[in-house]
2 protein chains.
Amino acid sequence: MRSRNKLAVREAIGEAALRLAVEQGPGALKVVRVADIASAAGVAPRTYNNYFSSREEAICAVHAGQARRLGKALRARPAGESFVDAVVAAVVETFATPEPDRAGLAMIMRTPELQGEALKAFTMAEEPLAEAIAERTGVTAGDLTCQVRAAAIAGAVRVAGRHWLDTTSPPPFATVLRAALKSVL
Amino acid sequence: MRSRNKLAVREAIGEAALRLAVEQGPGALKVVRVADIASAAGVAPRTYNNYFSSREEAICAVHAGQARRLGKALRARPAGESFVDAVVAAVVETFATPEPDRAGLAMIMRTPELQGEALKAFTMAEEPLAEAIAERTGVTAGDLTCQVRAAAIAGAVRVAGRHWLDTTSPPPFATVLRAALKSVL
DNA sequence: CGGCTAGATGCGTGTCACGCACATAGTGCG
DNA sequence: CGCACTATGTGCGTGACACGCATCTAGCCG
């Protein structure tokens with residue numbers, strides 16, 4: 001336990017929380033107790049509470065981490081690429097590589113008690129994304145346009161996810177993402 | 001008490017919760033107890049719980065109601081108006097008429113524990129907005145493009161709010177809203 | 001006028017977040 | 001080489017809360 005650094009412990013708890021929630025399916029929040037999450041992650045209940053102050057936060061932590069990487073992904077695109085292509089590529093490699101887990105995504109996006117935390121996770125991705133957009137388009141950081149574009153992109157990803165979940169015969173998520181992004185770029 | 005209908009009671013509780021939270025300023029969630037909200041609204045603590053299952057939800061209820069009216073506002077625009085003009089007008093009259101209360105908005109958008117619920121409130125506005133957009137542009141409801149555009153508009157409103165709060169000398173909120181919407185329409 | 005329903009309220013219970021104190025591993029300094 | 005010091009995990013106790021259940025009251029309809 002002590003050998004794992006803080007980030008690793010946080011990840012372990014988050015993954016355990018999400019896994020248990022998905023196993024229990026709908027209504028998981030009523031069944032999965034803090035003690036369950038803690039023991040599944042190999043920590044004491046009190047320790048879980050040092051990292052997260054609610055089960056919702058823990059369950060959404062892994063997706064929050066994924067969303068936070070979007071800005072970095074955009075920065076990593078080659079400079080010669082057009083802005084639109086770079087954003088699409090960054091989004092696809094961040095959210096559709098590998099293909100997301102339908103059960104986990106459904107749990108997070110369709111459970112009312114988790115929606116707030118999930119939206120918060122998506123929204124936290126906007127700030128680094130806006131900075132990356134500002135850098136790439138050569139405007140000053142904190143520009144209103146960049147933040148609006150970042151919010152639009154994040155919103156498109158979210159809507160694409162909802163659409164993808166509603167579809168019974170699943171096309172590749174990347175296809176839905178590209179279609180959604182086409183409307184805002 | 002019994003004379004007020006359910007909606008009125010809900011509104012009374014929501015307003016009381018927001019008012020108390022704003023009065024206490026930052027850290028209000030630690031100070032404002034359920035009993036305080038209930039007594040301020042003139043109901044029993046158990047009754048508050050029949051309407052809301054968390055203080056966050058109660059505090060954000062008034063803004064949720066405001067956001068939910070956006071779709072209706074768009075439908076109410078004259079048919080001859082261009083799509084862009086109609087959206088801008090609907091947004092401005094929904095969110096900037098009258099000029100919002102800075103303290104209340106700051107409380108909701110800047111308190112971490114409230115952000116999730118606030119984002120949920122904004123997101124709930126997207127569905128009726130998407131339907132109104134579909135109706136006005138003549139495409140089938142549930143179209144991906146409409147939902148993405150609705151999300152982009154809601155995101156622009158949210159970013160505009162954040163920007164408006166960060167500005168020390170406040171321009172009219174409608175001005176910021178128009179600037180933000182220009183980037184996504 | 002009597003039963004009926006919706007809504008408000010009280011009470012009890014299980015869960016939770018968090019402050020506080022302690023134990024212990026890893027670390028730098030003399 | 002040993003010693004304090006710090007960071008982190010953990011146990012315990014407390015206050016608050018969400019919610020199920022039972023009750024009561026007001027208003028309504030026949």
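dC11(C) atom P lies 16 Å from atom CG of Asn49(B), rounded to whole Å. Spacing between atom CZ of Phe52(B) and atom P of dC17(D) amounts to 16 Å, rounded to whole angstrom units. Between Leu7(A) atom CG and dT8(D) atom P the separation is 12 Å, expressed in whole Å. Distance CZ (Arg10(B)) to P (dG7(C)): 14 Å, rounded to an integer number of Å.
Remark: side-chain polar atoms of Arg149(A) are not paired, donor with acceptor, to backbone N or O of Ile133(A) under 3.5 angstrom. Side-chain N or O atoms of Ser39(A) include one that pairs as donor or acceptor with a backbone N or O of Asp36(A) at under 3.5 Å. Here the side chain of Trp164(B) pairs a donor or acceptor atom with the backbone of Pro171(B) at under 3.5 angstrom.
Between the side chain of Arg46(A) and the base of dG9(D) there is no donor-acceptor pair of N/O atoms closer than 3.5 Å.
Using a 4.0 Å cut-off between charged side-chain N and carboxylate O, Glu113(B) and Lys30(B) make no salt bridge. Remark: Lys120(B) does not engage Glu56(B) in a salt bridge, criterion side-chain N to carboxylate O under 4.0 Å.
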Next on the checklist: If you apply the rule side chain to side chain contact (heavy atoms under 4.5 Å, CB included), what do you find for Ile59(B) with Leu29(B), and how did you get there?
Outcome noted: CA-CA 10 Å; Ile59(B) 293 173; Leu29(B) 277 188; 4.0 Å; yes
Next on the checklist: Set out, in order, the CA-CA distance, both residues' side-chain angles and the distance that settles salt bridge (charged side-chain N to carboxylate O under 4.0 Å, His left out) for Arg158(B) and Glu126(A), then state yes or no.
Outcome noted: CA-CA 12 Å; Arg158(B) 182 169 44 78; Glu126(A) 291 177 14; 2.8 Å; yes
Checklist entry - Taking it one step at a time, do Asp143(B) and Thr140(B) satisfy side-chain hydrogen bond (donor to acceptor under 3.5 Å, both in side chains)? => result CA-CA 6 Å; Asp143(B) 184 74; Thr140(B) 72; 4.7 Å; no
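Residues from residues 27-34 of chain A placing a heavy atom under 4.0 Å of any atom in DNA chain C, listed by number, are Arg33(A), Val34(A). Of the residues in residues 13-22 of chain A, none has a non-hydrogen atom less than 4.0 angstrom from any atom of DNA chain C.
The side chain of Asn50(B) sits closest to dA8(C) out of dA8(C), dT10(D), dA17(C). With distances taken from any side-chain atom of Val43(A) to the nucleotides dT10(D), dA17(C), dT9(C), the minimum falls on dT10(D). Relative to the side chain of Ser54(B), the nucleotides dA8(C), dA18(D), dC16(C) differ in distance, and dA18(D) lies closest.
Close to dA17(C), at under 4.0 Å from its OP1 or OP2, lies no side-chain N or O of Ser53(A). For dA8(C), the OP1/OP2 oxygens have a side-chain nitrogen or oxygen of Tyr51(B) closer than 4.0 Å.
Among the protein residues, Tyr48(A) comes within range of the sugar-phosphate backbone only, with heavy atoms under 4.0 Å from sugar or phosphate atoms but none that close to a base.
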Show me, pair by pair, the donor-acceptor contacts under 3.5 angstrom made by side chains of residues 7-24 of chain A, not counting sequence neighbours?
{"unit_1": "Arg10(A)", "atom_1": "NH1", "unit_2": "Tyr51(A)", "atom_2": "O", "d": "3.1"}

